[in-house]
Each structure stands twice: as C-alpha cells, then as structure tokens.
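Okay, so here's the structure we're looking at.
Naming convention: chains lettered A, B, ... in sequence-line order (proteins, then strands); numbering from 1 in each chain.
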2 protein chains.
Amino acid sequence: MAATPEPAGPRSDDVPWLDPAEKEAWTGLVSLILLLPGRLEAPLQRESGLTLFEYLVLSHVSEAPERRLRMSELAFMANGSLSRLSNVVKRFEQRGWMERSPDPGDGRYTIAALTDAGYEVVVAAAPVHVRAVRQAALDRLDAADQAALARVAEKLRVRPVDLA
Amino acid sequence: MAATPEPAGPRSDDVPWLDPAEKEAWTGLVSLILLLPGRLEAPLQRESGLTLFEYLVLSHVSEAPERRLRMSELAFMANGSLSRLSNVVKRFEQRGWMERSPDPGDGRYTIAALTDAGYEVVVAAAPVHVRAVRQAALDRLDAADQAALARVAEKLRVRPVDLA
DNA sequence: TAGGTTTACTTCACGCATGAAGTCAACCGA
DNA sequence: TCGGTTGACTTCATGCGTGAAGTAAACCTA
C-alpha cells in the first residue's frame, strides 16, 4: 500500500517530510479518524436515530445534577462547538427531549435541561452505544493498548475555537 | 468532568458497563474522533479548499504508477466508501482535476486518473497538510506514543461495508 | 450613566456524507 | 446461450456540520 501521500514531484522547502515512524503514526491516526466514527455511530443511528455527538449530549445532561447544564459546559463535555450544540439542542427541543431557559442569575447563559421523554431516550440508547464501543474498540485492545490510547488522546486533546 | 455517559437510572441488563480503565480509553477515543478531524482539516480547508478525505484521494492517485488507479483501490487506500469516493471524483472531474474511464480489460472497473491541474493542487496542498499533522499530532507525541498509536490504530482498523 | 467591549449564544447558507436503490458489465451453470 | 448472480460502481434525497454574521445580556471605565 502506498502509504505516503507525498506527491512524487519536487518537495516543498520548509516543511520537513515524515520519516517512516511518523508516517505509520499518521496513517493510523487518519484511518482512525475516517473509519471509526462510522463504526461507532452506525448502531446508535440504526437503533436510536442518534449521532455520537447527540448521544454524548443527552448522556451528559442526564448525569448532571437536576439534569440541567449550561450550554457552554455541555458543549465542552460533549467535545463539540457551541454552534454545533445549539443546533442539536434546537432539534431536541422540537422533539420534546430538552428545554432551554436563560440563567436567572446571568442572562447570558442558557441552561439546557433534559425532559423525561429525553431521559428515556438516553436510557434506551446507552446499552446500544456501550455494545458498539466494546465491539469496535475495547474488545480489540488489551489493557496496555487501552492505557496507551488514553495517554495519546490526552496529549492530543484540543478544544474547538468558539469556546475559547 | 462527568466522564461517564451512563444514565443515572436503572442500568441495562446484558451489557457489562465500562470499568474505569475502559472508560478512560473510551473517553479518549471519543475526543480524538470528535475533535481531531476539525483540527486536521481546518488548514487544508482554508488554504486549499480540500477535505482530509479529498486530500488523501488526490495524494494517493498522484503516487500511483501513471497517476491512475481503480476506484475501488483508491477508495480502500483513502479509507472511504466507494460511494463517498464516487461523489468526490465527480466533483474533481468537474473542476478538471481528475478523469474517469472504464477499464478496457474489464468494463466493470473504473479507472480514475489525475490531470496535470489536479497534480498541481496536491503539490500545493501537501506541505499544508504535513504542517497540520505535525502541529496537531506528531509534535505532541514522543516516539513511544507514535508507535503505540500506530499499533492501536492497526488493531482497530476496519473497512467500510460497501467494499467488502 | 453612557459608550464600548466582552461573553454566551443563535441563525443560516452552503457543502459534504450517508446509504438505499439503480445501472451496467462480466461471469457461471445448465 | 440464456437467466441468474455477483461485482463495481453511480445517483440522489435527506440530514448533519461549519463558520461567519447576528443578537442580546452583562461588564467595564471614565
């Protein structure tokens, strides 16, 4: 397999190209990024009609005290931008799974709350998701792999721009 | 941070829940999947108007002998489904970056070829991408991390359905 | 207390991804 | 050689994600 996407022609000046070890890491990362989301989401999508991100949103609010969270905190927890979250919560509101209200203490904040209907949706979706995670990932990794994955992810963790 | 998306209520029967180590691996994987694509694509998008997947497509054809490849091989190499590739190549054809023709030997195959215009696009995009990869990933990982990442990705590697 | 700035969020237009259904070529079996 | 099956794509409707621009509340600062 031709793993290097280096164009065959004259190479650029200032950017050092990837050595073999780097290339392998890069190839692996790319395949994770492009193939895993589908695998992880497919069961959730089929059985609960949810995106991975949507599931994370629901599950994080469901665990928060009183099942309520500020939009910005929720966005952070669910690994998404505020914009993305806003769109998702709007859809959830239309389906009756969530409700939004301004924070009485500071009107700039919006508090997102899970309804009972929304709660039932997460409860139904959770085992589906866990099964998918085991099947697509955890079952294929031993303890050392899992630890390494957690370590690497921690080092690469990065935040979307619009929440500072 | 509330890391477990386990709903607070009665837990499901048959699916074993995640233990702490598994939970960390899972959390890490999820954040990689949700946050890295954006980081990796943003520069490519801004400076070359390309998706990560689109870049991979271009760069893999550019390295193939005579800059031609069967659609199915290309889809496999670029970590995408045939359907996704077909849409991308169609757009590229409209921009004059690629051309498609049926394989003379077996009319079921389609051969995708890079034009000179397309070649110039990859050459311009490559350093942008490499810089992004270094910045978002490689620079933050030492050699052991990189090896671990490659190993884990290999174990999780999985193929889209429609290319068997 | 008025003007400007920051913070938190929302909206919308655009574009890409998905996957089910369709097309067309080649192969196979009787 | 004809009908069925497999293989390799292609198409299209639907829906989600992105990011730039907008709104509105609170916080300065003089």
Side-chain angles (χ1 to χ4, degrees), chain A residues 33-46 48-57 69-76 78-95 98 100-112 159-164, chain B residues 33-46 48-57 69-76 78-95 98 100-112 159-164:
Chain A
I33 282 178
L34 291 174
L35 300 176
L36 262 187
R39 275 291 192 258
L40 241 34
E41 278 193 4
L44 217 41
Q45 196 62 257
R46 270 199 318 277
S48 313
L50 292 173
T51 301
L52 174 58
F53 180 68
E54 290 175 332
Y55 171 73
L56 290 175
V57 168
L69 273 179
R70 289 182 177 167
M71 291 290 283
S72 38
E73 294 179 30
L74 185 49
F76 179 88
N79 292 291
S81 68
L82 206 36
S83 165
R84 186 177 189 178
L85 178 65
S86 181
N87 284 307
V88 165
V89 173
K90 184 200 226 179
R91 294 196 293 270
F92 283 175
E93 219 169 12
Q94 286 161 357
R95 298 178 204 170
M98 282 199 165
R100 279 180 290 188
S101 52
D103 185 324
D106 184 335
R108 285 172 302 182
Y109 293 102
T110 299
I111 294 177
R159 288 290 141 192
V161 244
D162 66 350
L163 13 126
Chain B
I33 282 179
L34 291 174
L35 301 176
L36 263 187
R39 275 291 192 257
L40 241 32
E41 279 194 1
L44 216 41
Q45 197 62 256
R46 270 199 318 276
S48 312
L50 292 173
T51 301
L52 174 58
F53 179 68
E54 290 176 331
Y55 172 75
L56 291 175
V57 168
L69 272 179
R70 290 182 176 167
M71 291 289 283
S72 38
E73 293 179 29
L74 185 49
F76 180 87
N79 293 292
S81 69
L82 205 37
S83 167
R84 186 178 189 178
L85 177 64
S86 182
N87 284 308
V88 165
V89 173
K90 185 201 225 179
R91 295 195 293 269
F92 283 176
E93 219 169 12
Q94 287 161 357
R95 299 179 204 170
M98 281 199 166
R100 278 180 289 188
S101 53
D103 185 325
D106 184 338
R108 286 172 302 184
Y109 293 102
T110 299
I111 294 178
R159 288 290 142 191
V161 243
D162 67 349
L163 16 123

message = Using a 3.5 Å distance criterion without hydrogens, assess whether the side chain of A:E41 forms a donor-acceptor pair with backbone atoms of A:T51.
response =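 A pair under 3.5 Å: no.
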Within this structure, what is the [atom1]-to-[atom2] distance between [X] and [N], rounded to whole angstrom?
X: A:D106; N: D:dA26; atom1: CG; atom2: P; value: 6 Å
X: B:D103; N: C:dC27; atom1: CG; atom2: P; value: 11 Å
X: A:E41; N: D:dC16; atom1: CD; atom2: C1'; value: 10 Å
X: B:L44; N: D:dG19; atom1: CG; atom2: C1'; value: 17 Å
X: A:I111; N: C:dA8; atom1: CD1; atom2: P; value: 13 Å
X: A:F53; N: C:dA17; atom1: CZ; atom2: C1'; value: 18 Å
X: A:L74; N: C:dT10; atom1: CG; atom2: P; value: 11 Å
X: A:I33; N: C:dA17; atom1: CD1; atom2: P; value: 14 Å

Output all residues satisfying salt bridge (Lys or Arg N to Asp or Glu O under 4.0 Å) with B:R91, sequence neighbours left out; order by chain, then residue number.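 Applying salt bridge (Lys or Arg N to Asp or Glu O under 4.0 Å) to B:R91 gives B:E54.
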Test of understanding: with side chain to side chain contact (heavy atoms under 4.5 Å, CB included), list the residues that count as partners of A:R108, not counting sequence neighbours.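 A:R108 satisfies side chain to side chain contact (heavy atoms under 4.5 Å, CB included) with A:D106 once adjacent residues are dropped.
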- prompt: Got a sec, which residues hit side chain to side chain contact (heavy atoms under 4.5 Å, CB included) with A:P37, two or more places apart in sequence or on another chain?
  reply: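 Here the qualifying residues are B:I33.
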(request) Please tell me which of the listed nucleotides, C:dA26, C:dA17, D:dG19, lies nearest to the side chain of A:N87? (result)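 Looking only at heavy atoms from C-beta outward on A:N87, the closest nucleotide is D:dG19.
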Protein-nucleic acid N or O pairs under 3.5 Å, nucleotides 4-8 of chain D:
{"unit_1": "D:dA8", "atom_1": "OP1", "unit_2": "B:Y109", "atom_2": "OH", "d": "3.3"}
{"unit_1": "D:dA8", "atom_1": "O3'", "unit_2": "B:R108", "atom_2": "O", "d": "3.0"}

5'-most by nearest nucleotide on DNA chain C - A:A42 or A:R100: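 Its nearest nucleotide lies further toward 5', so the answer is A:R100.
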> Does a distance-only test, which skips hydrogens and angles, find a donor-acceptor pair under 3.5 Å between the side chain of B:S83 and the base of D:dT10?
Replying inline: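 Absent.
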*Check against side-chain contact (heavy atoms from CB on, under 4.5 Å), A:T110 and A:V89*: CA-CA 11 Å; A:T110 299; A:V89 173; over 6 Å; no
Working to the nearest 0.5 Å, report the span between CG of B:L44 and CG of B:L52.
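Nearest 0.5 Å value for the CG-CG distance: 7.0 Å.
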What are the two closest heavy atoms between B:A112 and B:M71, and how far apart are they?
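Smallest interatomic distance, heavy atoms only, reads CB-SD, 3.9 Å.
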Exercise for review: Please name the pair of heavy atoms, one in A:F53 and one in A:N79, separated by the smallest distance, quoted to 0.1 Å.
Suggested key: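 The pair with the smallest heavy-atom distance is CE1-C, 4.2 Å.
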**Asked** What pairs with B:R95 under side-chain hydrogen bond (donor to acceptor under 3.5 Å, both in side chains), at least two apart in sequence or on another chain?
**Response**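 If we apply the side-chain hydrogen bond (donor to acceptor under 3.5 Å, both in side chains) test to B:R95, skipping adjacent residues, there are no hits.
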Distances for protein N or O near nucleotides 14-16 of chain C N or O, under 3.5 Å:
none

Q | Comparing B:L34 and B:S86 on DNA chain D - which has the more 5′ nearest nucleotide | A |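 Checking each residue's closest nucleotide, the 5'-ward one belongs to B:S86.
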